[in-house]
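All ligand and atom numbering here is 1-based and tracks the order in the structure. The model shown is predicted, which means the values in this text are computed figures rather than measured ones. Every heavy atom of this structure was used, including side-chain atoms; hydrogens, water molecules and symmetry mates were not.
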Amino acid sequence: MRLLNKIVGSLVGGITALMLPTVASAAEETAELPNPAVLWDHLWDEILIDITVIGVIFGIAAIWMMIKFKAKDPKDVGSLPKLSRAQALAWIFIPAAVFMADDFFLSAKGWTLWNVYRQVPENALEVKVTGYQWYWEFDYGNGVVTDELTVPVGQPVVLRMSAEDVIHSFFMPEYRVKEDVMPGRITYIWFLPKKPGSTVATCTEFCGTAHGNMYTDVTALVPAEYDTWFAKVKAEAKAEAEATKNAGKS
Ligand SMILES: [Cu+2]
């Protein structure tokens, strides 16, 4: 009995220790502009660490008990400790509460992170995204429409998304964002590009035969390069609009 108490004691201590350091580090991270991808990774690591530590504790306890309480003789049937009602209830609820505490803690962190995902920073660059069978269209305003997403490093980007035909889902694994894209509804995600480079955006809702082709590049450029790129595509869009207008006249 004393031994079992010791086991429960170390479980409580271990799980409490799992929770403490992460509270402080999460507060430090959110002091500057929150980055959903970083916070998502943080929570994911924490879940992996917690289930590993808990799994190892349980594994060691189970192996230890198998050896300790092994029958020494085939006729050895063992004996059960006599428990009062209070002791029996404590054995049910205290260990359950210990593990539920970690579950609730991780859930609370998940809800907090979800709030970050839902609160778009005020200075976010807005791009309208439309899903079609089977490609993505990005509308920057000013007539600038592209089939790839280009964004500046260091500025939050919000995507306001809808679909023309069927349900799609916009997924950027590198930025840890994914959201359904549906006809007749506008959904949104935001992300913070931290370093220049190309990653992928893809559809993750089966939307017909060429669903597998429905992916495109997401390129993050340093702000000066982004401005050059935007000026170029804007000039091209203007020239194209004028050419169409002139063609209509003649
Ligand atoms: Cu699809």
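For Glu205, the N, O or S atom with the smallest separation from the Cu ion (ligand 1) is O. For His211, the N, O or S atom with the smallest separation from the Cu ion (ligand 1) is ND1.
Taking the six-membered ring for Trp and thresholds of 30 and 60 degrees, Phe191 and Tyr175 have ring planes inclined between 30 and 60 degrees apart. In this pair, Tyr226 and Tyr140 present their aromatic rings tilted. The plane angle is within the 30 to 60° band. Taking the six-membered ring where tryptophan is involved, the planes of Phe99 and Phe58 are tilted, since the angle between them lies from 30° to 60°.
For the Cu ion (ligand 1), the set of nearby N, O or S atoms under 2.8 Å includes one belonging to Cys203.
Geometrically, Arg176 does not engage Tyr117 in a cation-pi contact, judged by NZ or CZ lying under 6.0 Å from the ring centre and within 45° of the ring axis.
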